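Heads up, the thing below is written out as structure tokens.
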Protein chains: 2
Amino acid sequence: MAKPRFPAPDHDHQACLSASLERAESAYVEAGGRLTELRASVLRELAASHQALGAYDVIQRLSAAGRRVAPISVYRALDSLLEVGLVHRIESRNAFIACHEAHDESRPILFLVCDACGTVAESGEEGLNEALGNAARNAKFTLDDTVLEMTGLCEHCAGREGTRGH
Amino acid sequence: MAKPRFPAPDHDHQACLSASLERAESAYVEAGGRLTELRASVLRELAASHQALGAYDVIQRLSAAGRRVAPISVYRALDSLLEVGLVHRIESRNAFIACHEAHDESRPILFLVCDACGTVAESGEEGLNEALGNAARNAKFTLDDTVLEMTGLCEHCAGREGTRGH
DNA sequence: GCTAGAAATGTGATATTATAACCTTTCATA
DNA sequence: TATGAAAGGTTATAATATCACATTTCTAGC
Ligand SMILES: [Zn+2]
Ligand SMILES: [Zn+2]
Ligand SMILES: [Zn+2]
Ligand SMILES: [Zn+2]
């Protein structure tokens with residue numbers, strides 16, 4: 001994985017969005033499911049933001065876009081997207097983000113969450129894997145999954161503390 | 001911090017419990033608050049278990065012990081205990097554990113959570129700190145806090161998969 | 001095309017986790 | 001023993017997540 005980076009406020013975001021949806025199609029083909037209208041809609045709302053959104057945020061946005069969806073439907077769509085790896089869950093926020101890159105399944109992902117703007121960057125930092133493996137080995141722990149999240153200020157917010165959103 | 005370890009099913013748990021409550025007294029003196037009856041009761045329920053308990057689990061246990069407490073009261077007690085460092089929150093479970101050791105404040109804590117028995121071990125694995133620092137630096141991220149949690153099977157459960165609780 | 005089974009979604013209710021607003025009690029200290 | 005701050009009580013409600021069951025949509029096989 002590349003160096004972790006926070007998207008610049010003025011990056012070509014339309015590209016992010018369409019890349020995300022294109023990747024979704026092939027991910028579902030490979031995984032053996034279907035990118036349904038609902039799932040695509042949910043993914044679109046997440047991909048349209050680099051911020052972590054709660055399930056009910058997604059519902060509101062879909063509603064604003066003219067589509068009323070029940071919580072359970074959104075959760076089911078999110079579950080499916082999570083399984084396929086198109087979406088990540090940010091545990092410390094009870095929120096979700098669209099994944100903007102492919103991952104090496106064997107490596108845990110470190111999420112960097114900006115407290116000011118809510119933007120999330122992903123990192124595959126080398127060395128992390130080894131340290132975690134050591135910890136597991138020392139404790140005789142059979143590792144299944146990891147949750148790695150850092151909170152703080154992204155480079156775009158650090159300079160102008162006190163603001164909300166880019 | 002010592003090597004991360006899962007407490008053996010037959011360890012001297014009474015010692016854990018009284019150590020935890022003794023430490024609580026001095027922690028509050030140092031931090032400038034008071035270990036009130038309510039806070040001690042909440043801590044006692046958590047310390048009586050090495051498992052992560054939800055706030056409502058704590059309420060039930062207190063209730064079973066003859067003490068009815070409202071959710072908000074337990075959450076307030078938990079907030080206080082968290083501030084003083086006597087309790088940790090496990091984000092991936094929306095649950096809490098009593099801390100069974102003192103921590104170097106400058107280092108993040110890695111929690112190892114057993115999926116079978118719910119027991120949680122703490123690790124201060126060397127190398128983790130450096131890897132996290134690198135990730136933050138690479139992303140120009142101003143680090144505030146970290147959440148590090150691993151799930152899997154503890155050494156006591158790995159051998160007898162399918163069981164619940166020790 | 002038609003149809004049985006599987007997968008996905010809809011519907012309505014409800015469970016679980018957490019906090020708001022406001023009032024009363026407890027406690028340190030002067 | 002008055003006083004203010006900290007802690008806790010009471011009631012209501014917000015925010016997050018899931019259950020149970022009906023309906024619709026899709027896929028295969030005929
Ligand atoms: Zn973008
Ligand atoms: Zn930011
Ligand atoms: Zn113990
Ligand atoms: Zn276990």
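Lettering follows sequence order; numbering is per chain, from 1. Side-chain atoms are counted along with the backbone in the values below, which use heavy atoms only and exclude waters and symmetry mates. What you see is a predicted model; the values in this text were computed from it and never measured.
Both B:Arg39 and A:Ser73 sit near DNA chain D, but only B:Arg39 has its closest nucleotide nearer the 5' end. Of the two residues contacting DNA chain C, namely A:Gly33 and A:Ala70, the nearest-nucleotide position lying further toward the 5' end is that of A:Gly33. Mapping B:Arg67 and A:Arg89 onto DNA chain D via the closest heavy atom, the residue that lands nearer the 5' end is B:Arg67.
Considering only side-chain N and O atoms, B:Thr36 lies nowhere under 4.0 angstrom from the phosphate OP1 or OP2 of D:dA7. Side-chain nitrogen and oxygen atoms of A:Tyr56 include none within less than 4.0 Å of the OP1 or OP2 phosphate oxygen of D:dA15. At the phosphate of D:dT25, neither OP1 nor OP2 sits under 4.0 Å from any side-chain N or O atom of A:Arg34.
The separation between A:Asp79 atom CG and D:dC19 atom C1' is 14 Å, rounded to whole Å. With rounding to whole Å, B:Tyr75 atom OH is found 13 Å from D:dT16 atom P. What separates OH of A:Tyr28 from P of D:dT27 is a distance of 14 Å, to the nearest Å. Here D:dA14 presents its P atom at 16 Å from CD1 of A:Ile59, a figure rounded to the nearest Å. Across the protein-nucleic acid pair, A:Leu35 atom CG and D:dT25 atom P stand 18 Å apart, rounded to whole Å. In this structure, the CZ atom of A:Arg76 is 15 Å from the P atom of D:dT24, given to the nearest Å.
Centroid-to-centroid, the aromatic rings of B:His100 and B:His88 stay 6.0 Å apart or farther.
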Would you give me the side-chain donor-acceptor pairs under 3.5 Å for residues 61-77 of chain A, sequence neighbours excluded?
residue: A:Arg67; atom: NH1; partner: A:Glu37; partner atom: OE1; Å: 3.0
residue: A:Arg67; atom: NH1; partner: A:Ser41; partner atom: OG; Å: 3.2

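Using a 4.5 Å heavy-atom cutoff, the side chains of B:Glu122 and B:Leu110 are not in contact. Residues A:Ile109 and A:Leu148 are not in side-chain contact: their nearest non-hydrogen atoms beyond the backbone lie 4.5 Å or more apart. When side chains are defined from C-beta on, A:Ile97 does not count as touching A:Gln51, because their heavy atoms never get closer than 4.5 Å.
For DNA chain C, the contact window with chain A, defined by any atom under 4.0 Å from a protein heavy atom, covers C:dA8 to C:dG12 in 5' to 3' order.
A donor atom on one side chain and an acceptor atom on the other are not found under 3.5 Å apart for A:Glu91 and B:Ser92.
At a threshold of 4.0 angstrom between heavy atoms, the contacts of A:Ile72 include nucleobase atoms, whether or not backbone atoms are also involved.
When all heavy atoms are compared, the tightest approach of A:Ala139 to B:Glu155 is O-OE2, 4.1 Å.
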